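Please read the structure below before turning to the comments.
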2 protein chains.
Amino acid sequence: MRGRGRGAWWQDRFENMGARITAPRELVIDILHNTDDHMSASDVYIQAHQINPSIGLTTVYRTLEMLTQLGIVQKFDFGDGKARFELVNNPGGKKHHHHLICLRCKTIVDYSEFLEEELEFVRKTQNKLSKKHNFQITDHAISFYGFCERCR
Amino acid sequence: MRGRGRGAWWQDRFENMGARITAPRELVIDILHNTDDHMSASDVYIQAHQINPSIGLTTVYRTLEMLTQLGIVQKFDFGDGKARFELVNNPGGKKHHHHLICLRCKTIVDYSEFLEEELEFVRKTQNKLSKKHNFQITDHAISFYGFCERCR
DNA sequence: TTAGTAATGAAAATCATTTTCAATAAGATC
DNA sequence: GATCTTATTGAAAATGATTTTCATTACTAA
């Protein structure tokens, strides 16, 4: 689960796919690693471009798509027309969280409390599902929908 | 939870919002009610249009957006560029299910087994979250991601 | 009726995302 | 090292799902 040496957990996934670890890709991961926001592709691009102006928007899109397929990044649709991206955090970790979403104003609350029961529930369900459907499960997402205080 | 008389559960939500129950809206709900597919707006439009050719694509989009905001329909993004819609099913019901998604080929497996533990977990978490964050929670979604047999 | 408002459809506009394509960089092979 | 092969990249153009505009129609309430 932890990085080994200076290598990070995600580098294994790159190797398995024969994908190269390039400057743009590292930068995208780095940016996602250092934020708690739900960033859109364009948000990532703006930051990346400030650090390294040679990076193009297309590459950001391609990198995010690739990272999503590798299970390194999770892609969300909160209903505002742009996809949002987050680095995957392992279930026990500090940054692991889920979303509580207001259907009207689309406010997103990240919650990381109350995860004790989730851990057990997810573990069991994941085991059963992966056996039954022959999946190698790498991640999960849980979202609650409703109306926030102001939108009731 | 059940419809009362010929009224259906979702009609209450319409009334609360002062929204009219019109032919196009009923038709969209009806179509979603009678499928197990994950339909895109355009899928819904094609069916709707066959039944009632006067219905426009715009209305289908507007209706799906509205139903999503009312918590009657759930909107999903499975990563193929089109939003997918499903009628919300209450957690105890037969059609309640969640998704297992292959990150590579984007196959979606609907699963409705192994929901016993979910019921309890969701109930508790929902209670705690709604108190702490002052939300009226109406629904939830759980997704597992990974690689299917063919894509490992 | 009649006024006021919500809902609708067609066409046009928007805009996030993809595709194309030529250029570059990296790895493998000799 | 030189060369071949393939992956990666960026800019510009294309795509296509979704939204907006706007004139029309259908309700609802008075």
Side-chain angles (χ1 to χ4, degrees), chain A residues 10-11 13-31 38-70 72-85 104 106, chain B residues 10-11 13-31 38-70 72-85 104 106:
Chain A
W10 51 263
Q11 299 193 342
R13 306 248 175 126
F14 271 65
E15 279 172 28
N16 289 341
M17 292 292 292
R20 294 183 189 156
I21 297 170
T22 65
R25 289 173 178 174
E26 279 193 302
L27 184 50
V28 167
I29 291 176
D30 202 51
I31 287 169
H38 312 110
M39 298 181 89
S40 67
S42 140
D43 293 337
V44 173
Y45 168 71
I46 289 168
Q47 278 206 29
H49 199 258
Q50 282 173 347
I51 297 168
N52 180 350
S54 79
I55 287 177
L57 178 57
T58 309
T59 298
V60 171
Y61 270 103
R62 276 191 288 233
T63 301
L64 289 170
E65 165 68 13
M66 179 201 192
L67 294 175
T68 303
Q69 290 214 16
L70 291 180
I72 294 166
V73 155
Q74 222 172 13
K75 184 181 180 181
F76 294 94
D77 172 19
F78 294 136
D80 70 341
K82 316 175 198 190
R84 306 275 164 179
F85 300 87
R104 186 164 312 151
K106 290 167 183 169
Chain B
W10 50 265
Q11 299 192 344
R13 305 249 176 125
F14 271 64
E15 280 171 26
N16 289 341
M17 291 293 291
R20 293 181 190 158
I21 297 171
T22 66
R25 288 173 180 176
E26 280 193 301
L27 184 49
V28 167
I29 291 176
D30 203 48
I31 287 169
H38 312 108
M39 298 181 89
S40 67
S42 141
D43 293 337
V44 172
Y45 168 71
I46 289 168
Q47 278 207 28
H49 199 258
Q50 283 173 347
I51 297 170
N52 180 347
S54 78
I55 287 177
L57 178 59
T58 310
T59 298
V60 170
Y61 269 103
R62 275 191 289 233
T63 300
L64 289 170
E65 165 67 15
M66 181 205 192
L67 294 175
T68 303
Q69 290 214 16
L70 291 179
I72 294 166
V73 155
Q74 222 172 12
K75 184 180 179 182
F76 294 93
D77 172 20
F78 294 134
D80 69 343
K82 318 176 195 190
R84 305 275 163 177
F85 300 87
R104 185 164 314 150
K106 289 166 185 171

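Note that this is a predicted model, so its numbers are computed, not measured. Chain naming here is simple, since letters A, B, ... match the order of the sequence lines and numbering starts at 1 in each.
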**OP:** Could you tell me the separation between the CD1 atom of A:Ile46 and the CD1 atom of A:Ile51, rounded to the nearest 0.5 Å?
**Re:** 12.5 Å

Subject >> Length of the CG-P vector between B:Asp43 and D:dA17, whole Å >> reply: 10 Å

**OP:** For the residue pair A:Leu67 and A:Trp10, establish whether any side-chain heavy-atom pair is separated by less than 4.5 Å.
**Re:** no

Original post:
Between A:Met17 and A:Met66, is any pair of side-chain heavy atoms under 4.5 Å apart?
Top reply: no

**OP:** Enumerate the residues from residues 50-58 of chain A whose closest heavy atom to DNA chain D is under 4.0 Å, giving them by residue number; use none for an empty result.
**Re:** A:Ser54, A:Ile55, A:Gly56, A:Thr58

Original post:
According to the interplanar angle, ranging from 0 to 90°, do the rings of B:His49 and B:Tyr45 count as parallel (below 30°), tilted (30 to 60°) or perpendicular (above 60°)?
Top reply: tilted

Subject >> Heavy-atom closest contact (A:Leu70 atom, A:Arg13 atom, distance) >> reply: O-NH1, 2.8 Å

**OP:** Can you see which heavy atom on A:Leu57 is nearest to which on A:Ala41, and at what distance?
**Re:** CD1-O, 4.5 Å

Subject >> Partner residues of B:Ser42 under the side chain to side chain donor-acceptor pair (under 3.5 Å) criterion, sequence neighbours left out >> reply: none

Original post:
Of all of residues 62-69 of chain A, which get a heavy atom below 4.0 angstrom from DNA chain D, listed by number?
Top reply: A:Arg62

Subject >> Pair listing, side chain to side chain donor-acceptor pair (under 3.5 Å) test, anchored in residues 14-25 of chain B, at least two apart >> reply: none

Subject >> Under 3.5 Å donor-acceptor, B:Lys75 side chain and A:Gly79 backbone >> reply: no

**OP:** Give me the first and last nucleotide of DNA chain C, going 5' to 3', that has any atom under 4.0 Å from a heavy atom of chain B.
**Re:** C:dT5 to C:dA11

**OP:** Apply side chain to side chain donor-acceptor pair (under 3.5 Å) to A:Gln69 and list each qualifying residue two or more places apart in sequence or on a separate chain.
**Re:** A:Glu65

Subject >> Set of side chain to side chain donor-acceptor pair (under 3.5 Å) partners for B:Asp77, sequence neighbours left out >> reply: none

Subject >> Student check: side-chain heavy atoms of A:Thr68 and A:Phe85 closer than 4.5 Å >> reply: yes

Subject >> Pairs satisfying salt bridge (charged side-chain N to carboxylate O under 4.0 Å, His left out), at least one member in residues 45-54 of chain A, at least two apart >> reply: none

Original post:
Among all residues two or more places apart in sequence or in another chain, which pass the side chain to side chain donor-acceptor pair (under 3.5 Å) test with A:His38?
Top reply: A:Glu86, A:Asp110

Show me the protein contacts with nucleotides 4-7 of chain D, counting only N or O atoms at under 3.5 Å.
unit_1	atom_1	unit_2	atom_2	d
D:dA7	O4'	A:Arg20	NH2	3.3

**OP:** Enumerate the residue pairs fulfilling salt bridge (charged side-chain N to carboxylate O under 4.0 Å, His left out) with a member in residues 38-60 of chain B, sequence neighbours excluded, ordered by first and then second residue.
**Re:** B:Asp43-B:Arg84

Original post:
How far does the helix from C:dT1-D:dA30 to C:dC30-D:dG1 bend, going by the axes of its first and last five pairs, to the nearest 10°?
Top reply: 40°

**OP:** Grab the OH-P distance between A:Tyr61 and D:dA11 for me, whole Å please.
**Re:** 15 Å

